[in-house]
Amino acid sequence: MRIALAYSGGLDTTVLCRWLKENYRAEVITVTVDVGQPTDFRAIEERAYAAGASKHYHVDARSRFVEEFVARDILFNGLYEGEYPLSTALSRYPIAEEVARIALMEGCDAVAHGCTGKGNDQLRMDASLSYFLPDDVRILAPVREQNWSRDWEIDYAIKRGLPIEVKESRFSIDENIWGRSVEGAELEDPWTGPPWDVFKWIKPPSEWPNEPEEIVIRFESGLPVALDGRRMSLWEIISELNVRLGRYGFGLIDHIEDRVIGLKSREVYEAPAALALIRCHQDLEKMVLPARCLKFKAHVDREWTELVYAGLWYHPLREALDRFADELEKNVSGEVKLTLEKGSARISGRRAEKSLYVKDLITYSAESLFDQRHSDGFSRIWSLDVRLQKIMRGPSAR
Ligand code: ARG
């Protein structure tokens with residue numbers, strides 16, 4: 001038997017690698033997909049072989065992660081429950097695609113992942129892997145199937161002499177360029193505020209610069225293309241914003257999240273670039289899109305976000321919504337100005353080539369192109385419903 005394993009190099013998947021080999025007498029092919037997690041990929045490869053892998057693949061999916069997945073999150077202002085920019089969720093799709101591709105190439109009989117039965121990732125991985133693989137390729141999720149606990153895993157790793165990281169963080173962390181998710185330990189008490197040592201990108205108050213700073217972000221057709229007049233790739237823009245905004249203490253999320261399976265969980269994220277880019281994008285949309293489009297798009301955004309959160313990237317509805325956004329976002333080009341101050345990043349200006357904001361119409365000065373006398377008839381007709389109520393209820397009701 002030959003199994004392709006989605007391998008992060010952490011405790012779960014390292015134990016999994018050895019366990020699959022022993023339990024199924026399988027040849028295990030480990031696949032590590034780079035989506036911008038800061039890790040030593042050489043060390044991961046060595047660990048995979050030490051855990052019994054017969055072959056290891058390292059796949060650089062950084063640019064496609066950003067161009068095909070993160071970019072869409074910006075177009076749809078994708079914040080799950082209004083807060084979480086889907087960083088972990090989005091990364092699971094390219095990971096599953098790459099694992100499936102290698103499983104097919106290597107003629108594997110099964111693929112395996114280390115998702116637990118408590119989270120959303122199992123849904124994302126299962127749905128995506130089964131979309132890309134023929135039905136006779138099995139999908140194995142032993143952590144879920146065997147109900148493993150962390151203590152059991154550590155014990156197993158020690159008994160087999162597996163090279164797990166000794167000084168592992170007390171938190172469960174998932175990181176990529178779009179965000180860093182932190183769960184567990186004292187954060188499981190929703191009343192306990194996250195200590196500053198939870199954060200890596202966001203600096204504590206003692207380090208916030210005294211002087212404010214401005215950043216101008218240019219968008220074209222809904223996507224960021226330049227910072228302060230310098231044209232850059234989306235990857236570079238996100239990386240730079242994470243650092244510059246993090247210095248000012250911006251980008252922290254602490255919320256109670258509803259998982260698909262019905263559990264509520266306390267989630268802490270740092271996502272400076274994601275939050276700033278989505279807010280700026282949304283601000284620019286308001287300059288360019290008519291009110292009806294904004295109202296309708298808010299529903300679309302929410303639907304898209306929930307599909308992506310719930311593991312349904314390869315759903316025809318998501319694809320159709322993508323076409324909708326492509327059409328609507330054509331004119332969302334312009335610039336948004338952010339002012340960074342201690343602990344905050346606020347939008348302080350915006351301009352757009354196809355702006356529907358027309359100063360000559362809105363101005364209160366005498367040169368206004370808007371003749372307010374025309375509003376008289378409009379206002380009378382507008383109040384018709386209310387006036388009919390007056391007639392119906394009679395004078396005593398008032
Ligand atoms: N709740 C988020 C999601 O379902 C993030 C999960 C992150 N995982 C972690 N090990 N911290 O997408």
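Every number for a ligand or one of its atoms is a count from 1 in the order of the listing. Hydrogens, waters and symmetry mates are skipped; everything else that's a heavy atom, side chains included, is used.
- Counting only residues at least two apart or on different chains, no salt bridge (Lys or Arg N to Asp or Glu O under 4.0 Å) pair has a member in residues 80-91.
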May I have every N or O pair linking ligand 1 to the protein at under 3.5 Å, one per line with atom names and distance?
unit_1   : atom_1 : unit_2 : atom_2 : d
ligand 1 : 1 (N)  : E257   : OE2    : 2.8
ligand 1 : 1 (N)  : E267   : OE1    : 3.3
ligand 1 : 1 (N)  : E267   : OE2    : 3.2
ligand 1 : 1 (N)  : Y269   : OH     : 3.1
ligand 1 : 4 (O)  : N120   : ND2    : 2.8
ligand 1 : 4 (O)  : R124   : NH1    : 3.3
ligand 1 : 4 (O)  : R124   : NH2    : 3.2
ligand 1 : 10 (N) : S172   : OG     : 2.6
ligand 1 : 11 (N) : S172   : O      : 3.1
ligand 1 : 12 (O) : Y84    : OH     : 2.6
ligand 1 : 12 (O) : R124   : NH1    : 2.9
ligand 1 : 12 (O) : R124   : NH2    : 3.0

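- Checked against the 6.0 Å centroid criterion, the rings of F69 and W178 do not qualify as a close aromatic pair.
- Separation of the Y314 and F132 ring centroids falls under the 6.0 Å cut-off.
- For F296, the ring-ring contact (aromatic ring centres under 6.0 Å, His included) test picks out F324, with sequence neighbours left out.
- For residues 374-388, every residue pair satisfying the salt bridge (Lys or Arg N to Asp or Glu O under 4.0 Å) rule, not counting sequence neighbours, is listed here: D376-R380.
- Ring geometry for W208 versus W196: interplanar angle over 60°, hence perpendicular rather than tilted (30 to 60°).
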